[in-house]
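Remarks on the structure that follows.
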Amino acid sequence: MAATGNAEETQLQEMEEEAGMEREMDSDEEEGMGIENSDDEEDDSSEDDKENEAEIQRLEEQLSINAFDYNCHVDLIKLLRQEGELPPLRKARQKMSELFPLTEEIWLDWLKDEIRLTEEELNREKVYELFEMAVKDYICPEIWLEYAQYSIGGMGLPGGMEKVRSIFERALTAVGLHMTKGATVWEAYREFENVILATLERIHTLFRRQLAIPLMDMEGTYAEYEEWSDQGVSDTVSQKYKRALQQMEKSKPYEETLMAAEPPKLAEYQTYIDYEQMEGDPARIQIIFERALAENCLVPDMWAKYTKYLDRQLKIKDLVLSSHDRAVRNCPWTMGLWKNYLLALERHGADHQTISDIFEKALNAGFIQATDYVNIWEAYLDYLRRRVDFSKESSRELEELRAAFTRSLDYMKQDVEERFSESGDPSCTIMQVWAKIEALHCKNIQKARELWDSIMTKGNAKFANMWLEYYNLERSYGDALHCRKALHRAVQCTADYPEHVCEVLLTFERVEGSLEDWDAAVQKTEIRLNRVNEQRAKVAEKEAHLVRQEEEKTEQRRRAKADKKNQKKGQKGSRPGEKRKAEDEDNEDEWGEESEQPPKRHRGEGNHGSFRGGGAEEFMETESGLFGRRAPPCRRQEPPGAKRDNPEQRKDDCSVFISNLAFSMEDPEKRLKELFESCGPVQSVRPVYAAKGFRGYCYVQFEGKTSVPEALKMDRREVDGRPMFVSPCVDKNKNPDFKVFKYNTNLEKHKIFISGLPFSCTKEQLEELCKDQGTIKDIRLVTNRSGKPKGLAYVEFEDEAQASQAVLKLDGTVLQEHTLSVAISNPPRRNAADKPDFSRPMGAMMPRAMVYGSRGKGRTQLSLIPRSLHRQTGAESKAENGTAPKPTGGASGDAGFEAQAKPMSNSDFAKFLLRK
């Protein structure tokens, strides 16, 4: 035993001498560096020194204005370290460490500087304190190794050996699971035990513990243990090693991905975290989070995920609170982290003063949005409300809560509005909560009414939902008199949904009021609604006037363009043959361009349109009847063997019109026949072709009328990735007012309109969102012609009350980071200009493509009226499809005209156009 003790003392002396020699070598290197630095400084000009001093002064002033400027702290520390001034450098580091966790690089520089200056044993405790601060900021194996190395230098002191081992054990707990760097800590610990000639059992234990943990290159550790152990490796150790090795092989691809990735490696770390969470080992989940945060300390989302995991899974007080503290120190500008910190402090029973201090720090953190201050105040006020015992009429906590509410309102009005030019709380949510607390818990309805009067004076009196909130408060805690007053004021002031407020008032009087109250309510609502309708009519008239002005400007531009084009054509050549050839070429180009587009369908809310049936050849058929572009002769291209149907055999009442098909569809006749055979026997399929192929629409005729309703049920079915539109086949010349869907311009009180939806939203997600508000009868997502969503939807409820409830509850809801706007469905009125007037003369008819209503312009601004028809005016142009106009002057008219107009076939009409 004596020999062993002497050997240990000798070994301790040797290690202390080695540590002393290392410190001497470090100091010699530092002195040499200092000499070199002094030589360099002597060579530098005094101007450089002045620039550094000016820059240091500028950075200090900047920090006095905004102490949370992270980069400014870093730059100041670098400059002071270059200057070699230790007192201001130490002060700058301390200030930064109070506000932010320091990075591994900053901590190591600071620790090395302090170690060099504290060679005396009395100052070792100060360095130990600095190390304790460093290891709390981030999980850094290098800092733990430095800490253990420094502690070895003091193991000759009383309790030094136990302190070294304690530090090594803490290092193993903190970073021993680090897949790539944890092995270095284990090896350092074993090396220390080997050097001090510890018992073999202690070294055996370290080997066994390490081999049971999945670490990179653990095969080498196993081989080293086999060589070191005289007794070999036990079966128990081998089994644990194999399990750890299997775990390491599973994690190895994630580690290799991290090593190959470029910073910041957020996506790679998130994938690794997801994997560890599926595995379910809390210690490994914690270490991978810590590794990710060490490299991405300024990413608020990563801190939020980590603290959320700790709050819900581990629930260890010291670990949870320290992580929240580090989160807000790294990202002080993120309100959500402060809010979660306050909740965690309350959850783990922190004292009131601590929570109040953290809240005050949050107010000074410098949030980037006015709404952030509203949210942090709401979190603090919620905490104060939970402290109050409302069974007592008066208490210190209640007075503190009221004082906090008053202070929050003053803070929003002064500090927040001064900085952001807005309060951040336009709906006065803080005042609403205060009013509810006064009415519900304190039974002080008069104070609640005063608060609501203040809310309404802040610009909220025009919103129906605000009045209904106040009405519900009075309904629950007030009396019928004040309910009636609130609703009467709501009818007078509401600007967004006056109809709904009027209905609530009438419903209230049905239940509560007398006959005089009912009469007064009816009179007041009628006056208000009449005034609203007058205002809406004026707005619609103004919009219509603007539309007419725009139409006139468009017509003038079109005429000027046409005149200019005619002048150019007149200058191209004098020979009739050349002129006619040029016109034909121009006509071909126009038709070729037009043929690229499918015919337009006017589809309202349900995307149904109106189309004319099979009265003319397919290449002449559009929904605008005669007013389409003139088709050039002999330009139709049909597939070989295409059959031409006899027009007399066509039956519109047995046919449907199919549109929005892909131009690239191969053999549309066969494809559609197979598609619609399930609806009934198909007599014929008539695809419509143009110069460049299939135009994307066709006619399907069945043998009987009973098949048409079944075919219409296939409307919107997806074909080749596009929604197929199926509509009745109707001749618009015989039924000019026919519409498959009539656009509703009335207020639909049982239906809500939702905008701002994410394009990925599905019917199922929307139903899940709305189902709590009432019984859903129908949900329709609005799409464009290609079937892509437009971010809009209509949801139909069973009654009006459910729809109104949905508007109040869902408006402003966030779905997949999209804020939704919800309102009662109230489609805008369509102008008369949207409807073609078939009673007007053909020559004076405005081209359909140039007429647009409240939903914008048409796709094209080109005139679609054939040139031949431009020459007709007045009564000469009044004709239906296939009917020639009457001549105006005796026998001087065209030979094709007779005294009595007679119907013309499609071929006759085409010849007539060509002759013109």
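- A cation-pi arrangement is found for Lys163 relative to Tyr128, the charged atom lying closer than 6.0 Å to the ring centre and inside a 45° cone about the ring normal.
- Between Lys252 and Met179, every side-chain heavy-atom pair lies at or beyond the 4.5 Å cut-off.
- With sequence neighbours excluded, the residues that form a side-chain hydrogen bond (donor to acceptor under 3.5 Å, both in side chains) with Asn52 are Glu83.
- Every residue two or more places apart in sequence or in another chain that forms a salt bridge (Lys or Arg N to Asp or Glu O under 4.0 Å) with Glu169 is listed here: Arg209.
- For residues 90-106, the set of pairs meeting the salt bridge (Lys or Arg N to Asp or Glu O under 4.0 Å) definition, not counting sequence neighbours, comprises Arg90-Glu114, Arg93-Asp113.
- Residues satisfying the side-chain hydrogen bond (donor to acceptor under 3.5 Å, both in side chains) criterion with Trp333, sequence neighbours excluded, are absent altogether.
- Here Trp186 pairs with nothing under the ring-ring contact (aromatic ring centres under 6.0 Å, His included) rule; sequence neighbours left out.
- To the nearest 0.5 Å, atom OG1 of residue Thr221 and atom CG of residue Leu206 are 12.0 Å apart.
- Here salt bridge (Lys or Arg N to Asp or Glu O under 4.0 Å) pairs that include residues 141-155, with residues two or more places apart or in two chains, are Glu142-Lys181.
- With 3.5 Å as the limit, one finds no donor-acceptor pair spanning the side chains of Glu360 and Asn364.
- Remark: Arg347 pairs with no residue by the side-chain hydrogen bond (donor to acceptor under 3.5 Å, both in side chains) rule, at least two apart or across chains.
- The shortest side-chain heavy-atom distance between Asp372 and Ile376 does not fall under the 4.5 Å cut-off.
- Side-chain contact between Lys308 and Asn340 is absent, with no heavy atoms from C-beta onward closer than 4.5 Å.
- Distance check: Cys140 SG to Glu290 CD gives 9.5 Å after rounding to the nearest 0.5 Å.
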query = Step by step, would you call Glu346 with Arg387 a salt bridge (charged side-chain N to carboxylate O under 4.0 Å, His left out)?
reply = CA-CA 10 Å; Glu346 183 183 3; Arg387 294 179 67 242; over 6 Å; no
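- Judged purely by distance below 3.5 Å, without hydrogens or angles, the side chains of Arg284 and Gln247 never pair a donor atom with an acceptor atom.
- Interatomic distance, CG of Leu102 versus CG of Asn330, reported as 9.5 Å (0.5 Å rounding).
- To the nearest 0.5 Å, the span separating NE2 on His73 from CG on Leu59 amounts to 10.5 Å.
- Of the charged side-chain nitrogens involved, at least one lies within less than 4.0 Å of a carboxylate oxygen, so that Arg291 and Glu255 count as a salt-bridged pair.
- No side-chain donor-acceptor contact under 3.5 Å links Asn66 and Gln62.
- Applying the ring pair (Phe, Tyr, Trp, His ring centres under 6.0 Å) test to residues at least two apart or on different chains, the pairs with a partner in residues 266-302 are Tyr254-Tyr272, Tyr254-Tyr275, Phe289-Tyr306.
- Annotation for Leu409 and Trp434: closest pair CD1-CZ3, 3.9 Å, computed over non-hydrogen atoms.
- Annotation: side chain of Leu792 is not in contact with side chain of Leu757 (no heavy-atom distance under 4.5 Å).
- Taking CG of Asp281 as the start and CG of Leu177 as the end, the distance is 7.5 Å to the nearest 0.5 Å.
- Of all heavy-atom pairs between Ala244 and Ile213, the closest is CB-C, 3.8 Å.
- Between Phe168 and Trp144, the gap from one ring centroid to the other reaches at least 6.0 Å.
- A donor-acceptor distance shorter than 3.5 angstrom exists from the side chain of Asp811 to the backbone of Val822, with no hydrogens or angles considered.
- Taking 4.5 Å as the limit, every side-chain heavy atom of Phe131 sits out of range of all side-chain heavy atoms of Ile167.
- Applying the side-chain hydrogen bond (donor to acceptor under 3.5 Å, both in side chains) test to pairs two or more places apart or on separate chains, those with a residue in residues 414-428 are Tyr373-Arg419, Asp425-Thr429.
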Mind listing the side-chain donor-acceptor pairs of residues 309-320 below 3.5 Å, one per line with the distance, residues two or more places apart or on another chain?
unit_1 : atom_1 : unit_2 : atom_2 : d
Asp311 : OD1    : His324 : NE2    : 3.2
Asp311 : OD2    : His324 : NE2    : 3.0

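- Judged by distance alone, with hydrogens and angles left aside, the side-chain atoms of Trp303 form a donor-acceptor pair with the main-chain N or O of Cys297 at under 3.5 Å.
- The shortest distance between side-chain heavy atoms of Trp338 and Phe359 does not fall below 4.5 Å.
- For Trp107, the ring-ring contact (aromatic ring centres under 6.0 Å, His included) criterion is met by Trp110, not counting sequence neighbours.
- In this structure, the side chain of Asn460 engages the main chain of Pro426 through a donor-acceptor pair within 3.5 Å.
- Every residue meeting the ring-ring contact (aromatic ring centres under 6.0 Å, His included) condition with His352, not counting sequence neighbours, appears here in chain and number order: Tyr383.
- How far CG of Leu298 is from CG of Asn71: 8.0 Å, rounded to the nearest 0.5 Å.
- Val416 and Ala370 get closest at one heavy-atom pair: CG1-CB, 3.7 Å.
- Within a 6.0 Å radius of CD in Glu768, other residues, nucleotides and ligands contribute 12 heavy atoms or fewer.
- A donor-acceptor pair is defined here as one N or O able to donate and one able to accept, closer than 3.5 Å; such a pair exists between the side chain of Asp69 and the backbone of Cys72.
- Leu384 places a side-chain heavy atom less than 4.5 Å from the side chain of Tyr380.
- Taking a cutoff of 4.0 Å between a charged side-chain nitrogen and a carboxylate oxygen, Glu55 and Arg58 qualify as a salt bridge.
- Relative to the six-membered ring of Tyr150, Arg124 meets both conditions, a distance below 6.0 Å and an angle of at most 45° to the axis.
- Taking the side chain as every heavy atom from C-beta outward, Ile437 and Arg385 approach each other to under 4.5 Å.
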ask   = Can Glu378 and Asn375 be said to form a side-chain contact (heavy atoms from CB on, under 4.5 Å), step by step?
value = CA-CA 5 Å; Glu378 287 178 338; Asn375 292 330; 3.6 Å; yes
